[in-house]
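What follows is a set of notes on a single structure, which appears directly below.
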Amino acid sequence: MATPTIPGFDVKTTAPAGFEHEPDATSGYWHNRALNTLPPADFIAPYARHRPLPTPGIETRKAYIIGGGIGGLSAAFYLIRDGHMPAENITILEEMSVEGGSMDGAGTPKEGYIVRGGREMNWNYDTLWDMFQDVPAAELPEGYSVLDEYRMVNDNDPNYSKSRLMRNGGEIMDFTDFGLSKSQQWEMIRLILKRKEDLDDITIEEYFSAGFLQSNFWSLFRSMFAFKNCHSLLETKLYMHRFLDSIDGFGDMSVLVFPKYNQFDTFIKPLAKLLRDKGVKVQLDTRVYDLDMTLSGDKKTVTGLRCVVNGAEQQIDVAPGDLVFALTGSMTENTAYGDMDTVPELTVDRHTPGENSGWALWTNLAKKSPVFGKPEKFYGDTDQSMWESATLTCKPSPLVDKLTELSVNDPYSGRTVTGGIITFTDSNWFMSVTINRQPHFPDQPDDTLVIWVYGLLMDKDGNFIKKPMPECTGHEILAELCHHLGLKDHLDAVAAQTKVRTALMPYITAQFMKRAAGDRPRPVPDGCTNLGLIGQFVETRNDIIFTMEASIRTARIGVYTLLNIPKQVPDISPTQYDIRNMIKGARALNSGKPFVGERLLHRVLDKTYFSHILPPLPDPENTKHDMVAQEIGEILGKGGEAVKVVGTWISALRASVSNHDSASERNGVSGKDK
């Protein structure tokens with residue numbers, strides 16, 4: 001492969017020593033200077049989407065990717081697009097009989113559909129959109145991408161909920177009221193200010209007060225992201241940074257964007273088709289359980305893969321120069337399935353997934369070196385990592401009628417339906433239900449709806465069915481749902497028109513287990529010369545997990561690092577540093593009421609260029625001055641004289657700005673000239 005050149009420039013094909021393929025925007029102060037040719041670490045813009053030159057010798061190197069989920073498929077994509085590796089040199093090895101990993105979607109109208117879990121996305125999943133801007137659309141004509149298709153759907157059909165929280169058998173709650181006292185708001189602010197290094201092995205319930213954990217805000221947060229109170233406080237902090245710009249959309253879920261179809265048909269099929277069409281090999285029914293590795297000093301080099309292919313032992317040799325990308329752990333490993341009349345039966349021990357599990361590869365790696373982390377911290381207690389979902393395939397019934405009342409559009413219209421999950425806050429299982437855009441599957445009949453339900457808490461009896469959710473049949477889970485919707489008297493009519501398929505997942509939130517630095521390995525662990533790690537159990541600098549974005553990010557970092565490509569994977573979107581997001585986030589935490597100091601900010605910035613960053617005040621015009629004075633008194637905690645002094649200073653400042661503008665106008669100086 002001939003490397004193109006630019007006349008007059010010595011263009012490097014590999015990155016120089018010390019180059020950060022995964023930069024960290026929190027590591028220090030960044031500023032412009034002559035020798036700083038790279039943009040800031042969290043720079044997200046077209047300038048960060050350049051294409052580097054091929055790495056020398058790339059045309060003869062091969063790559064073996066263990067895991068055909070979104071992370072493995074992404075590794076293949078970036079090897080081709082940015083690494084210039086020939087597609088036919090890439091082999092994906094997948095344990096299941098279909099690619100997609102945890103991003104599944106299957107079934108028929110006759111047997112019922114099933115989706116183990118769903119994905120919530122927002123605008124700032126930049127690695128995801130970076131990739132899917134180059135993946136051909138599923139339904140639009142040639143030349144359009146999955147990103148184009150996704151935006152057209154969401155730009156023309158806004159997402160929001162009118163029934164986000166419910167209780168008392170069908171009563172809609174005021175989900176605009178987060179229910180946080182001033183002290184509970186400060187609990188969140190203090191957590192955001194804490195250093196990540198100070199939060200090792202601390203759980204959510206060890207930090208937050210009981211009142212915070214009973215608030216509407218926590219009901220919204222934990223149901224949206226599937227946090228249990230025993231999970232990692234550090235991960236909660238990372239989520240708060242990642243979604244700081246979204247807090248004011250938590251209540252009605254207007255912050256989210258959803259696909260037209262299920263995640264498998266929307267993302268996996270188009271991406272897998274692109275890779276196969278280019279020549280990538282996909283080998284299914286292949287479980288890789290260990291890696292042969294040579295250790296020389298601090299260098300670690302993979303020389304072979306040990307696997308089971310269709311039940312038979314096999315070894316795959318890895319030649320010098322070849323690359324390996326491996327999935328560590330799996331959220332949906334050992335899923336147990338049930339149906340209308342059957343209870344799912346787990347086949348794993350509470351504390352160990354067993355030798356034949358998909359966790360075996362990570363377990364065996366961890367035995368070779370501490371740089372591969374501690375998998376037992378994540379799979380070691382299924383009571384804390386397990387929850388269950390149920391997929392309902394429904395013909396018209398009282399259940400459909402009730403959910404239609406709670407939806408923003410007719411479920412059969414093809415547009416947004418519930419706008420995300422509806423959570424029953426008084427449910428012992430902490431149950432939620434949602435209807436996404438329909439049809440949810442391309443082959444779904446016109447008179448059929450696919451509804452998704454999940455319960456977060458697995459250790460309590462239901463409110464109506466006096467058993468924990470994992471001990472229930474699909475019919476019993478349907479009965480519990482009908483109870484919370486006020487439909488228990490219509491259960492027979494609902495059941496006659498509904499098929500239920502359940503999925504009990506022992507590790508679905510294993511990635512949230514409390515952890516410390518080093519428990520999860522880096523995308524390219526120290527000393528690894530040809531091994532990259534991908535998926536939800538890999539440590540990135542600042543990103544969260546339990547997202548498509550996280551899996552894609554780990555793959556992209558691994559590709560750039562192992563090929564030493566002179567290109568960076570940008571840190572997460574810098575929205576957490578934007579004063580506008582901080583202000584509207586503070587207002588949202590205070591349930592839409594002005595936070596302490598907000599009126600003072602209005603007094604200072606009113607009639608200036610920056611006034612637009614402030615949310616409108618609810619105060620009548622004739623009371624604004626008194627409200628500001630009251631706020632100053634609250635802040636200073638002093639008497640009227642101090643309030644008067646501060647008020648006079650603010651008025652003088654405002655007058656100074658106003659007088660300067662007036663003088664400029666009198667002298668014929670326009671805003672444009674300034």
TODO: Spell out, as yes or no, whether a donor-acceptor pair under 3.5 Å connects the side chain of Lys162 to the backbone of Ser407.
DONE: yes
Task: Check: Ala588 main-chain N/O paired with Asp248 side-chain donor or acceptor under 3.5 Å - done: no
TODO: Might you confirm whether atom CZ of Arg151 has over 12 heavy atoms from other residues, nucleotides or ligands at distances under 6.0 Å?
DONE: no
- [ ] Say whether, by atom type as modelled, one donor and one acceptor occur between the side chain of Asn463 and the main chain of Asn428 under 3.5 angstrom.
- [x] yes
Task: Ring-ring centroid check Trp362 Tyr379, cutoff 6.0 Å - done: no
Task: Test item: Ser591 side-chain N/O and Phe178 main-chain N/O as donor-acceptor pair under 3.5 Å - done: yes
Task: Flag if over 12 foreign heavy atoms under 6.0 Å of NZ, Lys269 - done: no
Task: Gap between atom CG of Leu361 and atom CZ of Arg287 - 0.5 Å precision - done: 9.5 Å
TODO: Not counting sequence neighbours, which residues clear side-chain hydrogen bond (donor to acceptor under 3.5 Å, both in side chains) with Glu376? List them please.
DONE: none
Open item on the list: To check you understand the geometry: which heavy-atom pair defines the closest contact between Leu392 and Leu481, and what is its length?
Closed with: CD2-CD2, 3.9 Å
Task: No-hydrogen, no-angle side-chain donor-acceptor test under 3.5 Å, Thr328 and Arg520 - done: no
TODO: Using the side-chain contact (heavy atoms from CB on, under 4.5 Å) rule, take Gln384 and Met513 through it: C-alpha gap first, then chi angles, then the decisive distance, then the call.
DONE: CA-CA 8 Å; Gln384 295 187 9; Met513 299 289 274; 3.6 Å; yes
Open item on the list: Test your reading of the model: is there a side-chain donor-acceptor pair from Glu171 to the backbone of Gly169, 3.5 Å cut-off?
Closed with: no
Task: Thr342 and Asp339 side chains, donor-acceptor separation under 3.5 Å - done: yes
Open item on the list: Can you tell me which residue among Arg119, Met548, Gln263 is in a side-chain contact (heavy atoms from CB on, under 4.5 Å) with Ser102?
Closed with: Arg119
Open item on the list: Any side-chain to backbone donor/acceptor pair from Glu333 onto Gly358? Under 3.5 Å, distance only.
Closed with: yes
Task: Charged N-O contact under 4.0 Å between Glu149 and Lys260 - done: no
TODO: Measure from the side-chain N and O atoms of Ser413 to the backbone N and O of Asp410, and report whether any donor-acceptor pair falls under 3.5 Å.
DONE: yes
- [ ] Give a yes or no answer on whether the side chain of His241 reaches the backbone of Leu238 with a donor-acceptor pair at less than 3.5 Å.
- [x] no
Open item on the list: Can you tell me if Lys395 has over 12 outside heavy atoms packed within less than 6.0 Å of its NZ?
Closed with: yes
Open item on the list: For a 4.5 angstrom cut-off between non-hydrogen side-chain atoms, does Phe212 reach Met188?
Closed with: yes
Task: Exercise: identify the closest heavy-atom pair between Arg242 and Tyr125 - done: NH1-CD1, 4.1 Å
TODO: Over 60° means perpendicular and under 30° means parallel, so classify the ring planes of Tyr113 and Phe441, tilted if in between.
DONE: parallel
Open item on the list: If you count heavy atoms of other groups shown closer than 6.0 angstrom to CG of Asp446, is the number above 12?
Closed with: no
Task: Check ion pair Glu539-Lys196 (N to O, under 4.0 angstrom) - done: no
Open item on the list: Here's a test for you: under side-chain hydrogen bond (donor to acceptor under 3.5 Å, both in side chains), which of Thr127, Thr547, Asp543, Thr540 qualifies with Arg553?
Closed with: Asp543
Task: Criterion side-chain contact (heavy atoms from CB on, under 4.5 Å) against Tyr207, the qualifying member of Leu199, Leu213, Leu191 - done: Leu191
Task: Minimal non-hydrogen separation, Pro344 against Glu388, with atom names - done: CG-OE2, 3.5 Å
- [ ] Carefully, step by step, assess Cys472 and Trp429 under the rule side-chain contact (heavy atoms from CB on, under 4.5 Å).
- [x] CA-CA 12 Å; Cys472 292; Trp429 298 346; 3.8 Å; yes
Task: Near-ring test Phe225/Phe546, centroid separation under 6.0 angstrom - done: no
Open item on the list: Between Glu187 and Ser209, is there a side-chain donor-acceptor contact under 3.5 Å, judged purely by atom types and distance?
Closed with: yes
Open item on the list: Among Ser219, Ser163, Ser432, exactly one meets side-chain hydrogen bond (donor to acceptor under 3.5 Å, both in side chains) together with Thr423. Which residue is that?
Closed with: Ser432
Open item on the list: Under a 3.5 Å distance rule, please check whether Arg515 uses its side chain to pair with a backbone N or O of Lys377 as donor and acceptor.
Closed with: no
TODO: Please report the C-alpha distance between Asn590 and Lys182 in whole Å, then the side-chain angles of each, then the deciding distance to 0.1 Å, and finally whether the side-chain contact (heavy atoms from CB on, under 4.5 Å) criterion is met.
DONE: CA-CA 8 Å; Asn590 202 33; Lys182 290 291 191 295; 3.5 Å; yes
TODO: Could you tell me whether a side-chain N or O of Tyr150 sits under 3.5 Å from a main-chain N or O of Val257, the two making a donor and an acceptor?
DONE: yes
TODO: Give a yes-or-no answer on whether the side chains of Tyr507 and Gln536 include a donor-acceptor pair shorter than 3.5 Å.
DONE: no
Task: Residue Lys402 excluded, over 12 heavy atoms near NZ under 6.0 Å - done: yes
Task: Ion pair Arg350/Asp381, N-O distance below 4.0 Å - done: yes
Task: Within 6.0 angstrom of Lys593 NZ, more than 12 heavy atoms from elsewhere - done: yes
Task: Intermediate values then yes/no, side-chain contact (heavy atoms from CB on, under 4.5 Å), Gln214 and Phe208 - done: CA-CA 10 Å; Gln214 293 166 3; Phe208 284 114; over 6 Å; no
Task: Pair Asn334-Trp359, side-chain donor/acceptor within less than 3.5 Å - done: no
- [ ] Would you please classify the geometry between the Trp387 ring and the Trp452 ring as parallel, tilted or perpendicular, with 30° and 60° separating the classes?
- [x] perpendicular
